[in-house]
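Reminder, nothing fancy here: chain letters follow the sequence lines and each chain counts from 1.
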Protein chains: 2
Amino acid sequence: MDADRPHAAAPATPRYAPLYQQVREMLVARLAAGEWKPGEALPSELDLAARFNVAPGTLRKAIDALAAQNLVVRRQGKGTYVATHTEEHASSFRFLRIRSDTGATEYPGSRLVDVRRGRASADAARLLALKPGEAVLQLRRVLEFDGAPVVCDDITLPAALFKGLTRTRYEAYDGSMYGFFETEFGVRMLKAHERIKAVAADATAARLLRVAPGAPLLAVERVTTTFGDRPVELRRGLYATAHHHYSNDLG
Amino acid sequence: MDADRPHAAAPATPRYAPLYQQVREMLVARLAAGEWKPGEALPSELDLAARFNVAPGTLRKAIDALAAQNLVVRRQGKGTYVATHTEEHASSFRFLRIRSDTGATEYPGSRLVDVRRGRASADAARLLALKPGEAVLQLRRVLEFDGAPVVCDDITLPAALFKGLTRTRYEAYDGSMYGFFETEFGVRMLKAHERIKAVAADATAARLLRVAPGAPLLAVERVTTTFGDRPVELRRGLYATAHHHYSNDLG
DNA sequence: CAGTGGTCTAGACCACATC
DNA sequence: ATGTGGTCTAGACCACTGG
């Protein structure tokens, strides 16, 4: 690109980077920069192909890759849209793996119990790529299925990215927490890694989840990342699994 | 295919099936029938395109889909190979989500504790699509990381598919359990669904995993399927997560 | 060197959504 | 009717592998 030389670009670290990957990276950069906002349509494929001076097929392959990463969503006959957490009233199960044993597909209610400012522990700093002691926000929220508490999450956020986050403001927002982060703070949660253990409920968890102290709970530690694999959320959750389970597909 | 009319095939249930999907399904059928065995190379793309009377690009897209499902593996310059569980000495972590907390990537040892014949419980029958009381094999095996037991699996298999499975025969086999199933019984594990809960260790589990009775454990119920989403294995595992965790990527 | 998968191009046509 | 993404085709050329 740049010029009209198809795939003669100078190799960076790998010996060679396919044109469609280069185009993909340019598109990601523009998405990250907010050239097209979540929920908006990208220009048409032919338009983009012309801009980047590549064949439609090449441009298409680049967008295929973005769609596979869930960065954009294609809608036949309409266009290609920037992925958003604000429309996923069904597909918000993308980051929510807890399910009712009965298979009921009800969407849980979220209750924000507490918001406070604090400083990153050594642990949190490491996982969030912050300096120990940097300012963070600590949220605690409870997920309720059919009125019964099932999940208790302790969420740690870099304060610098979420200036002005308050409990009131969250409660004024209608939608998922990641929708809230996206809309109000421009932070887009793209990928997450979870580490799961089994633990015994301590007094606090027992009270919040209404289980006996010492009852076995799932402990889920999630690090969520945005563009460039930059960690922007640390979430430690305790799941009561008497009537619910963590669902996972391998394949 | 069939004729030389590109995509005029009669719609079945969906209004319309793309040619490359039809080709994909024909390839899956041949894979399931064993026309090419695990580890073997498929014919070249040009060859297959000619056989199916489609353009190389269309055949390629069909194989792309198979590769995305991990049914085949492409190797540039060499060919496209049927996926196998017998070569994945590294990538066998595809179906093994337990990891050491220290990040050590050691491969665990597997010890088959017990093999017995039995009849399917109502539960097992439902999950394996058998009739209650049908003959099954019950295996119990322990996974050890660095000599310490971490996972105890109770595995239920339809006896009809695994005739002649004995402990001796497993111990004579050098490789993973799914490699054993594939090589010795022609059963290919393709996908799995897991449901995870936290439970307290009972006396048996406590002894096998060397934890205190009542200690919290991960309980992982896995249903593994082969071609056509046919369930062929039910696996109930207990994971000791003091120094290990279940690792999962979302995104 | 020949053979394989991988990339790129170019254009025709289909299906879907919207006006 | 128009514009969008989706499919299909056809052929040239590149990169990797192995004899």
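- Taking atom CZ on B:F52 and atom P on D:dC8, their separation rounds to 14 Å, with Å as the unit.
- Distance, B:R74 CZ to C:dG3 P: 20 Å, rounded to whole Å.
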Report each atom pair, protein N/O against N/O of nucleotides 1-4 of chain D, whose distance is under 3.5 angstrom.
{"unit_1": "D:dG3", "atom_1": "N2", "unit_2": "A:G77", "atom_2": "O", "d": "2.8"}
{"unit_1": "D:dT4", "atom_1": "O2", "unit_2": "A:G77", "atom_2": "N", "d": "3.4"}

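- Taking the six-membered ring where the residue is Trp, A:H85 and A:Y178 present perpendicular rings, their angle passing 60° and hence far from 30°.
- When rounded to the nearest whole Å, the span between CG of A:L59 and P of C:dC8 equals 12 Å.
- Look at NZ on A:K61: it is 16 Å from C1' on C:dA10, rounded to the nearest Å.
- In this model, a donor atom of one side chain and an acceptor atom of the other lie less than 3.5 Å apart for A:Y246 and B:N248.
- Rounded to whole Å, atom P of D:dT9 lies 15 Å from atom CZ of A:R60.
- Taking A:H244 as the reference, A:F145 meet the ring-ring contact (aromatic ring centres under 6.0 Å, His included) condition, with sequence neighbours excluded.
- For A:T58, a side-chain nitrogen or oxygen approaches OP1 or OP2 of C:dT9 to under 4.0 Å.
- In terms of the side-chain hydrogen bond (donor to acceptor under 3.5 Å, both in side chains) criterion, residue partners of A:S100 (sequence neighbours excluded) are, by chain and number, A:T102.
- Under the 6.0 Å distance and 45° angle rule, A:R188 does not count as a cation-pi partner of A:F227.
- Scanning both residues, A:V187 and A:V232, for their nearest heavy atoms gives CG1-CG2, 4.0 Å.
- Rounded to an integer number of Å, the gap from B:Y20 OH to C:dC13 P is 21 Å.
- In this entry the distance linking CG of A:D64 with P of D:dG6 reads 8 Å, nearest Å.
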